[in-house]
Number of protein chains: 2
Amino acid sequence: MKLLRNTLLETFVAVVDSGGFTDAQFALGITQSAISIRIRDLETALGYRICERGRGGFRLTERGEIAYNKARDILRSARDFDAELLELRGITTGDLRIGVIDAVNTLAELKLEKSLKQFLDRPNEVRLEIVVASPTELTQRLITGELHVAIAPFRNQVAELSYTELCQEEHRLYCGREHPLYDFPDEQIDKEVIAHYQICQRSYNMLDPPNLQLNHPKAIVANMEAMATLIETGHYLGPLPVHFVESRRQSKSLRELAPSLLHWTSTFYLATRSTSLYRRAVELFVEDLVRCCGSDT
Amino acid sequence: MKLLRNTLLETFVAVVDSGGFTDAQFALGITQSAISIRIRDLETALGYRICERGRGGFRLTERGEIAYNKARDILRSARDFDAELLELRGITTGDLRIGVIDAVNTLAELKLEKSLKQFLDRPNEVRLEIVVASPTELTQRLITGELHVAIAPFRNQVAELSYTELCQEEHRLYCGREHPLYDFPDEQIDKEVIAHYQICQRSYNMLDPPNLQLNHPKAIVANMEAMATLIETGHYLGPLPVHFVESRRQSKSLRELAPSLLHWTSTFYLATRSTSLYRRAVELFVEDLVRCCGSDT
DNA sequence: TAAGCAATATGATATTTTTTCATGTACAAA
DNA sequence: TTTGTACATGAAAAAATATCATATTGCTTA
């Protein structure tokens, strides 16, 4: 049972997500009439129209748009609130919303899979949600409470969050088979040489090869797969995590450039809100993750 | 009408605040049976008992205590959420919860009264709440959202809040009629002399006379009235805001010590949450206050 | 330009939830 | 033991919310 009943808001959100009343019937398990009435009631309560509907299609009004976003937020925190109170029974329940940076599943040192398994092996009623996003976005979503924990190489840390070091990720510079440097002997490669070629970067400048001069127009990607693709075209050099390259078939089509010269690491952190409300599920998962990562490095 | 209906939690909070079911009837405007049923339902939903009741008296259980605090928090944010959505109509409504340090009403430069009047003169449906507390507490309550704005001489400012300078408050050191220094000529008073007497301080060390050596056991107070009382005993010297002393009868029984030597000022700030949700009422009051304070200084 | 259709609104009725009223139970104090 | 207070409970009433059938509306389409 739910502690807070937000029938009207839940209906509103479901209607928006379903793009109209008709489809929301199935999402909500009530008839279209009921939905119609609920939306009317909500509009009466608010004193303004939240959406245009009818044969012309479904569309939020300007205020409706604002209301929708706020409603989603409050529903999420209502769920978390429920979970907090229910967890006082000793049962692990509610949402656990985890954010990670992309290409994290092959980072063996992180032990994400192992700790998730440990967490889930315990008796629990947790609804898991995993989101992939950039460190900046993850930070933002942690602060708003949209995420409970996030895992990424956070470079600029903010006061609202607290960070725990998890592991290191090793990076090298790679080129594709078609690239002029592909057949170059390592001994002849140095930063001077590298500087002649275009380099592809991640949009959040977090994996920059340190001390590399980037004189040339460079490509920007927001995702590891995209990075690999661009490097494979043979047009760009680019940094990639070693585990990422080694875990895939195409590794043969990529070449590490002067690994003794061009290698660097980034530190992965677990981030949570400093002033987090107590949630057993979050607590337990953090424990599991930190334990698994700490066990051998 | 309310957007979020938290019947169960509202009942719970009202019952706790009324100290039992019987009195909560009047607070809630429903019969005792209804309350009994609601509390039972809440306990069923939670899966644990939240309070002991019966002829033996009313008492929260351990978990009930936790639940009560969380419930109060969520109800407050639900009210604010309602206000946010309702204010999209253009009507100023909802709570406006203001925190101030004590003895603020005689600080003329602050123009608190004038700006409150301006604010309230506008058509509005705002429920005002004014809380008096120490700067530390005010900071805490702002962060949790318990307060919307706070006014005090904040000395250590935190990142979560943003501060606007409002005005200055002038302080002097005073002694009571019975104090040995009461009849001392100002010329003979210096820090050396002062250091021989006990000084009373505010518990948040914010109005400390700068550069005063406090060698002697000193008294601590958390409130301006208390400070005045202790000074009037003739046993302590103590700092007081000038406006505070001048605005009351007893000023004759207090003496400023070497005002040319011993005077200092503290800066009053208005603090709000940096990442505050948009509330028209809050916005307007802040405008009013800043305008009134800025108009002449 | 009217018929057809798809999306929502509405009125009457059914169902469920919540409240009250009357009464029962338990327990501390007299 | 009695009494009175504080809460619990069952039945009935009231209120809120749902459904079903049908109306309305505006956009296609012929």
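Letters A, B, ... are given to chains in the order of the sequence lines, protein chains preceding strands, and every chain is numbered from 1. Computed from a predicted structure; not experimentally measured.
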Apply salt bridge (charged side-chain N to carboxylate O under 4.0 Å, His left out) to [X] and list each qualifying residue two or more places apart in sequence or on a separate chain.
X        : result
B:Arg122 : B:Asp288
A:Arg79  : A:Asp95
B:Arg279 : B:Asp80, B:Glu87
A:Glu283 : none

[N] [atom2] sits how many Å from [X] [atom1], rounded?
X       : N      : atom1 : atom2 : value
A:Arg59 : D:dG26 : CZ    : P     : 14 Å
B:Ile39 : D:dT9  : CD1   : C1'   : 16 Å
B:Arg49 : D:dA8  : CZ    : P     : 7 Å
B:Ile35 : D:dA6  : CD1   : C1'   : 12 Å
A:Phe21 : D:dT19 : CZ    : P     : 15 Å
A:Ile50 : C:dT8  : CD1   : P     : 13 Å
A:Leu8  : D:dA16 : CG    : P     : 13 Å
A:Glu43 : C:dT8  : CD    : C1'   : 12 Å

> Taking protein heavy atoms under 4.0 Å as touching, what does nucleotides 17-27 of chain C look like 5' to 3' if B marks base contact, S marks sugar-phosphate-only contact and - marks none?
Replying inline: -SBBBB----B
> A:Leu138 and A:Ile151: which non-hydrogen atoms are nearest, and at how many Å?
Replying inline: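 Scanning both residues, the minimum pair turns out to be CD1-O, 4.1 Å.
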>> Within the 4.0 Å heavy-atom criterion, would you say B:Thr22 contacts the bases, only the backbone, or no part of the nucleic acid?
In response: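 Touches sugar-phosphate only.
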> Taking only side-chain nitrogens and oxygens of A:Arg53, does any of them come within less than 4.0 Å of OP1 or OP2 of C:dA9?
Replying inline: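 Affirmative; the distance criterion is met.
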>> Could you work out, with side-chain contact (heavy atoms from CB on, under 4.5 Å) as the rule, every residue matching A:Ile143, not counting sequence neighbours?
In response: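 Applying side-chain contact (heavy atoms from CB on, under 4.5 Å) to A:Ile143 gives A:Thr139, A:Val158, A:Glu160, A:Leu161.
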